[in-house]
Amino acid sequence: MSISQNHATRSSAGSAVLSGLQKLATSFAVILTTLLGLLVITFVIGRMVPADPVIAVIGDQADQATYERVSKQMGLDRPLYEQFATYLSNVARLDFGQSNVTKNAVSSDLARVFPATLELATIATIIGAVFGIPLGIIAAVRKGTWVDHLARIVGLLGHSTPIFWLGTIVILVFYAKFGLIPGSGRIDVFNEGLVEGPTNSLLIDAVIAGEWGVFFDVLHHVMAPALILGYAAMAYLSRMSRSFMLEQLRQEYILTAKAKGLGQRSIIWRHAFRNIRVQLLTIVALAYCGLLDGTVLIETVFAWPGLGQYLTSALFFADMNAVLGSVLLIGIISIAINLLSDIAYRFLDPRTR
């Protein structure tokens, strides 16, 4: 290799490294800006709601002196920029204040209830992806046939049926009438307290402890609400998968593959499906984020002790520390999922590297 070629190779490698660092810096700046915007929004919401945080702590029967003393202790007498600086400092230390309902630190409450929502949303997303993506692809391949019409009807019903109504019907029919599913809650009473672990996820902690009876009990309880949420996710994923696949099947490289005599299975799964993987990853991530912050109704119907039920209770009792902590947690998790999706893009699509 000549000196000029060696220099060109080093220059190209240096440019690639510089470009990668610039992309990383850009992504980091976007994440910080998004997170800061989320913090600003939650702070403003906390100051604009009609509920008085001081009254929520001391009650409406306290005298003026007590009100002023507690208000000063909470820092509400300071300028807004000082309050915001204190808010940022507390959030950085994962200090969201104390819940007025449970009298516990909001961070400890979130650590207790969020794993239940994570279990529910994860199982629902898996159900939606396992059934929705193949259904959408098959509907695209069989466009215009009864399979396509059936898939579109299933998707339409999943989009139009209210989750709380479907949950109520499932409880009335499969629990009250036939007794095929367990009652409300996350676990049977006689299994409560048998498993205590570091994750607060009963499924994971039961596996770690080897308590398979508890594991299958929790799995039995989670399946009904997870299937309902999974059906809603399946409707969305099947519709998007069908749209993506139809677009690929109209491309010239598909016609070329058919002209070369490749089999349909090879054309669909080895060629067309590979080109929609990144798009599918995006919609699965969006569906997962939607389920994490959209389980409020289903958790209320099934009395599932997760973040949705915790947030509903906090809103009902104007517990703003719990409300803002929950909203902030959902926002941070959504940002993290989008970041992981961006990282996965680089493995699935070399053009993004």
Is there a donor-acceptor contact under 3.5 Å from the side chain of [X] to the main chain of [Y]?
X    : Y    : answer
D95  : V91  : no
Y231 : G158 : yes
Q248 : F244 : no
N321 : Q98  : yes
Y310 : R112 : no
E299 : G308 : yes
D217 : G213 : no
E119 : L203 : yes
N191 : I187 : no
T282 : V278 : yes

Do the non-hydrogen side-chain atoms of [X] and [Y] ever get within less than 4.5 Å of each other?
X    : Y    : answer
K72  : R78  : no
L339 : I335 : no
L180 : Y175 : no
I133 : V284 : yes
K143 : L249 : no
F43  : L324 : no
S326 : V113 : no

Could you walk me through whether I276 and S241 pass the side-chain contact (heavy atoms from CB on, under 4.5 Å) test, one step at a time?
CA-CA 8 Å; I276 67 172; S241 300; 5.7 Å; no
If I compare all heavy atoms of V154 with all of A235, which pair ends up nearest, and what's the gap?
O-CB, 4.4 Å
Over all atoms of both residues, closest heavy-atom pair of A224 and I181:
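Looking at all heavy atoms of both residues, the closest pair is CB-CD1, 4.1 Å.
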Side-chain heavy atoms nearer than 4.5 Å, only ILVMFWY residues, links allowed to pass through others: does that put [X] and [Y] together?
X    : Y    : result
I330 : F114 : yes
L307 : L297 : no
L340 : I126 : no

In terms of heavy-atom contacts, does CZ of F273 have more than 12 from other residues, nucleotides or ligands at under 6.0 Å?
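Yes, CZ of F273 has more than 12 neighbouring heavy atoms, counting only those of other groups under 6.0 Å.
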Taking CZ in F190 as the centre, count heavy atoms belonging to other residues, nucleotides or ligands within less than 6.0 Å. Is the count above 12?
yes
What is the ring orientation for H271 with Y253, classed by angle as parallel under 30°, tilted 30 to 60°, or perpendicular over 60°?
tilted
After noting the C-alpha distance and the side-chain angles of I337 and L292, does the key distance pass the side-chain contact (heavy atoms from CB on, under 4.5 Å) rule?
CA-CA 11 Å; I337 291 175; L292 283 176; 3.8 Å; yes
Within residues 128-170 or reaching into it, pairs that qualify as ring-ring contact (aromatic ring centres under 6.0 Å, His included) - sequence neighbours excluded:
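Those involving residues 128-170 do not exist here.
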Using the ring-ring contact (aromatic ring centres under 6.0 Å, His included) rule, collect all pairs that involve residues 198-223, keeping only residues at least two apart or in two chains.
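Sorted pair list: W212-F215.
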Between the side chains of S99 and N104, does any donor sit under 3.5 Å from an acceptor?
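Per modelled atom types, S99 and N104 side chains form no pair under 3.5 Å.
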Are a donor atom and an acceptor atom from the side chains of T300 and Q309 found within less than 3.5 Å of each other?
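Absent: no donor and acceptor within the cut-off.
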Which pairs count as salt bridge (Lys or Arg N to Asp or Glu O under 4.0 Å) when at least one residue sits in residues 252-268, sequence neighbours excluded?
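Passing the test, one end in residues 252-268: no pairs.
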